[in-house]
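Have a look at the structure below before the remarks.
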Amino acid sequence: MKNVRERILATATDLFDSRGINASGIDLIIAESGIAKSSLYKYFPSKNQLIVEYLKEKSARFYSWLNTKLETQKATSAEILFELCELLEQWISTPEFQGLPFHIASVEFPDPTHPVNNCSVELSKELQNYLADIAKEAGVKEAYTLAQQLAIIFEGGAMLERLSPGSGAAKKAKSAAITLIKSYL
Amino acid sequence: MDLAHLKKQMGRSGRSPQARLKSLCSEIKKWNQDRIDHSINVARSDLSKAEIDILKQLIQEETSRLRDKEAIVITEQILFLLIGAIKLQSQNDSNHMWEMVDKGITTFIQPQRTLSSSINLISITLLAIALVTISTNLVLRKEIKSNANKYEVLADENRNSTVSNLVKLYNEMKIGNCQLPQAAMLQEKERETFITFINDGVVNIESAEDLKNALSHVNCLYPQKLMDKPLN
């Protein structure tokens, strides 16, 4: 059985994903999770904090899925980069994919001084660092440059895939990413 | 996003599609920065379908001039870069990713096919150089060897020409093509050598010169065909 914090977070995640972050008010989250308002504020002193936790949780789940898949494949050197592209394609091609979570948050909170926007920026950098670590592991000298290019490509691919689901944008973004990777090897 | 303005700016950057595409990047970076600066609490990182279509059209116009059969693929690749960079610029309020876009465009415009062609060309050139070097060496060695053989033959011929001509003359005499010279006409040493040669067919290397002299004295008695190669 989920504890109160987990229950609040799970309910908020469902609502944020389905209705959007700004459209899901605190009262709705309290009502849907069946907890007292005081309990919510005990764990999440503000809605912004709840949103930040939601983004971090989503991000952590994404990396956990990615790491598990990469470890299962036992890919080595350059193969790991190609495998990563396969996984990113899979991820942004899934019907429930609604865009990169930190991207969605930054769309809803464009003010660069807003804590949610700041969290989005951090998570975006985290993705680039994650990609750079894999590129380094694969022996790429300009690992960070490649990582930034991969992040840009998949951002673009994710957006086009979201605008036109099933258009093959994810697959094409993967091919573009592979072309870039090959230019670094 | 103003299509006419973007086209105008791209047109100013030169004729090459590469230069124009990089100019497009620069213009989109400015356009997006302006959008970021003037948006207050408004969703600013999303692009409309119309804006994406304008971008695609501008890229396509340039990639079609590349005369590359992969022009459509390159268009999409560059489109991903531009859209991704617009989004990251909006999210992070930073312009540094545009440098990555520039690099990416360079990579996409020089597709793998061209890179592999260049590698093939280099390989073929190296192979050709290697073959030319090897064959030149072989020819040189052969020439040196053949020259060496020639000199050996010449040396042998110089050394043995007297003997071989004498042998030839002897054979001619035996079959009657050549008249016997009168030994009495010759000096004693030459006569002895000559008689030995006529009777036994033996040429003593040490007295070969004497025999040669003997034969040269009496060569007028030989038939014409033996005179074609007079003894030296």
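Proteins come first, then strands; the chains are lettered A, B, ... in the order of their sequence lines, and each starts at number 1.
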Which atoms of B:Ile52 are under 4.5 Å from chain A, going by heavy atoms: the side chain, the backbone, both sets, or neither?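 For B:Ile52, the contact with chain A is made by the side chain alone.
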Engaged part of B:Leu79 at the chain A interface, taking heavy atoms whose separation is under 4.5 Å: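 For B:Leu79, the contact with chain A is made by the side chain alone.
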Rounded to the nearest 0.5 Å, what separation is found between the [atom1] atom of [X] and the [atom2] atom of [Y]?
{"X": "A:Met159", "Y": "B:Lys87", "atom1": "CE", "atom2": "NZ", "value": "4.5 Å"}
{"X": "B:Gln110", "Y": "A:Ser183", "atom1": "CD", "atom2": "OG", "value": "10.0 Å"}
{"X": "B:Leu81", "Y": "A:Glu155", "atom1": "CG", "atom2": "CD", "value": "12.0 Å"}
{"X": "B:Met97", "Y": "A:Thr145", "atom1": "CE", "atom2": "OG1", "value": "13.0 Å"}
{"X": "B:Glu76", "Y": "A:Ser175", "atom1": "CD", "atom2": "OG", "value": "9.5 Å"}

Are [X] and [Y] side-chain neighbours, meaning at least one heavy-atom pair lies under 4.5 Å?
{"X": "B:Met100", "Y": "A:Ile153", "answer": "no"}
{"X": "B:Phe80", "Y": "A:Leu160", "answer": "yes"}
{"X": "A:Tyr184", "Y": "B:Thr107", "answer": "no"}
{"X": "B:Leu88", "Y": "A:Ser124", "answer": "yes"}
{"X": "A:Gln148", "Y": "B:Lys103", "answer": "no"}

Should we count [atom1] of [X] as having more than 12 external heavy atoms under 6.0 Å?
{"X": "A:Arg19", "atom1": "CZ", "value": "no"}
{"X": "A:Lys58", "atom1": "NZ", "value": "yes"}
{"X": "A:Lys125", "atom1": "NZ", "value": "no"}
{"X": "A:Leu28", "atom1": "CG", "value": "yes"}
{"X": "B:Glu99", "atom1": "CD", "value": "no"}

A:Glu142 versus chain B, the contacting section by heavy-atom distance below 4.5 Å: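 For A:Glu142, side-chain heavy atoms alone lie under 4.5 Å from chain B.
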Heavy-atom distances under 4.5 Å only: say whether A:Ala158 touches chain B with side chain, backbone, both or neither.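 Contact with chain B: none, neither part.
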